[in-house]
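Just follow the structure's listing: the first ligand is 1, and inside any ligand the first atom is 1. Every heavy atom of this structure was used, including side-chain atoms; hydrogens, water molecules and symmetry mates were not.
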Amino acid sequence: MAFEGLSERLQGTMTKIKGKGKVNEADVKEMMREVRFALIEADVNLKVVKEFVKKISERAIGQDVMDSLTPGQQVVKIVKDELTELMGGEERKIEFSTKQPTVIMMVGLQGAGKTTTTGKLANLLRRKHNRKPLLVAADVYRPAAIQQLETIGKQLSLPVFSKGTDMSPVEIARQAIEHAKAEHLDTVIIDTAGRLHVDEALMQELKDIRALKEPDEIFLVVDSMTGQDAVNVAQNFDAAIGITGVVLTKLDGDTRGGAALSIRSVTQKPIKFVGMGEKMDALEAFHPERMASRILG
Ligand code: GDP
C-alpha cells in the first residue's frame with residue numbers, strides 16, 4: 001500500500017502526542033524528530049523536510065497551543081494542516097478554454113504511464129465533465145505507443161487522431177487541432193513522445209507543439225514509485241517547457257510517498273490527478289486534504 005511506512009510512523013507519533021494532557025516544548029521537539037525521520041524514510045526532499053518541520057515547530061510551540069485544553073489534538077491538527085498545505089492545499093481543478101478546443105499536452109518520460117493516463121484522462125473528462133475528447137498519437141518514435149493509444153481509443157469508443165510515424169509530431173498536433181474544430185470535439189489531448197531521459201531534442205519538439213496553440217494544460221506524468229527522480233524530472237520539464245500540473249501515477253503501488261510530498265513544494269506546480277491502477281477508470285482528482293487524512297489515519 002502507498003505511504004504505508006510513513007503512515008504507520010506518523011500515526012504512532014500522533015497517537016503519542018494526542019494522549020498527553022499537557023504538551024511542552026520538549027514534547028514537540030521529540031515529536032518533530034520522529035516526523036523528520038518518517039519523512040526522510042519516505043524519501044521526501046531534504047529541503048522540504050526541513051521547512052516542513054520548522055513550520056510545524058513554530059506553530060506548535062506557540063503559547064495558545066500549549067495553554068489550550070487539548071494541546072495534543074491541536075498539535076495533530078497543525079501537522080494535518082501543514083501536510084495538506086505541503087501537497088498543495090486546495091484541490092486544483094482542470095482548466096478548460098473558452099475558445100474551442102481546449103488543448104491538453106501530456107508530457108513525461110517513457111514508462112511513467114503517459115499513454116495510459118492520456119486514455120484515463122479522456123475517459124474522466126467525458127464522464128465527469130461532459131467533454132468530447134480527441135486523443136492525439138504524437139509519439140511517432142515508438143510505433144507501439146501509437147498502437148497502444150489506438151487500442152485505448154477503441155476500448156473507450158473515443159476518436160484517436162493518428163498519422164502513423166511518417167509525419168512530424170508538430171504537424172500531427174496541428175492537424176489534430178483543426179480536425180477537432182471541424183468535428184466539434186472540444187478537448188484535444190496530445191500524447192507526446194517520451195524518452196528515457198530528459199533531452200534537448202525532446203524539449204524543442206514539445207516547445208514547437210506548445211507554440212501551435214497555447215495549451216490550457218501541460219500535464220507532466222510521473223511515476224510515484226521513482227521518488228526523488230520524479231521530482232527532478234518535474235523540475236527539468238518545468239524549467240524547459242513550463243508545466244501546469246502533475247499527474248502522479250502508480251499510487252496504487254507501494255510508493256513510499258516522497259514524490260507526492262515533495263513535488264508541489266519543489267516545483268510550485270500542483271498535483272492535479274493521481275493514477276490508482278492500470279484500468280481506464282483508475283484516475284482520480286487529487287485532494288491534498290483527503291490524502292493528508294489518509295496518511296495520518
Ligand atoms: P508511457 O511510456 O509513459 O506512455 O507509459 P504507459 O502508459 O505505457 O505505462 C507504462 C506501464 O505503467 C503500463 O504497464 C501501465 O499499465 C502502467 N501504469 C500506468 N499508470 C498506472 C497506475 O496508475 N497504476 C499502475 N499500477 N500501473 C500504471
Is the shortest distance from a heavy atom of [X] to ligand 1 less than 4.0 Å?
X	value
G277	yes
L109	yes
G108	no
G111	yes

Which ligand 1 atoms does [X] reach within 4.0 Å, using its non-hydrogen atoms?
X	result
R142	2 (O)
Q110	2 (O)
Q148	6 (P), 7 (O), 8 (O)
G275	23 (O)
K114	1 (P), 3 (O), 4 (O), 5 (O), 7 (O)
M276	23 (O)
A112	3 (O)

Exercise. Got a donor-acceptor contact below 3.5 angstrom from the R36 side chain to the V53 backbone?
Worked result: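 Checking the backbone N and O of V53 against the side chain of R36, no donor-acceptor pair under 3.5 Å is found.
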Problem set entry | Heavy-atom donor-acceptor pair, K269 side chain to I243 backbone, under 3.5 Å |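 Flag set: sc K269 to bb I243 pair under 3.5 Å.
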For this session: Report yes if some N/O of K250 lies less than 3.5 Å from some N/O of ligand 1; otherwise report no.
Result: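 Yes; at least one N/O pair falls below 3.5 Å.
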Among side-chain atoms of [X] and [Y], is any donor-acceptor pair under 3.5 angstrom?
X	Y	result
Q204	D208	yes
Y141	E205	yes
T244	E217	yes
E171	Q175	yes

Which side-chain N or O atoms in residues 155-164 pair as donor and acceptor under 3.5 Å with protein atoms at least two apart or in another chain?
unit_1 : atom_1 : unit_2 : atom_2 : d
S162   : OG     : E150   : OE2    : 2.8

Which residue supplies the protein heavy atom nearest to [atom], what is that atom called, and how far is it?
atom	result
atom 19 (C) of ligand 1	G113 CA, 3.8 Å
atom 27 (N) of ligand 1	E278 CG, 3.3 Å
atom 24 (N) of ligand 1	D252 OD1, 2.8 Å

Problem set entry | T116 and ligand 1 - part of the residue with a heavy-atom distance under 4.0 Å |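 The answer is both, backbone and side chain.
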For this session: Using a 4.0 Å heavy-atom cut-off, say whether K120 meets ligand 1 through its side chain, its backbone, both or neither.
Result: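 The answer is the side chain.
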Problem set entry | R131 to F96, cation-pi by 6.0 Å centre distance and 45° axis angle |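 Judged by the rule (NZ or CZ under 6.0 Å from the ring centre, within 45° of its axis), R131 counts as positioned above F96.
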Exercise. side-chain contact (heavy atoms from CB on, under 4.5 Å) between V247 and L283: does it pass, once the steps are laid out?
Worked result: CA-CA 9 Å; V247 181; L283 186 74; 4.0 Å; yes
Exercise. Heavy-atom count around E41 CD within 6.0 Å, excluding the residue itself: above 12?
Worked result: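 Counting other residues, nucleotides and ligands, CD of E41 exceeds 12 neighbours.
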For this session: Provide the full list of side-chain hydrogen bond (donor to acceptor under 3.5 Å, both in side chains) pairs with a residue in residues 49-67, sequence neighbours left out, each pair given once.
Result: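 Counting only pairs at least two positions apart or across chains, the side-chain hydrogen bond (donor to acceptor under 3.5 Å, both in side chains) contacts touching residues 49-67 are R59-E82.
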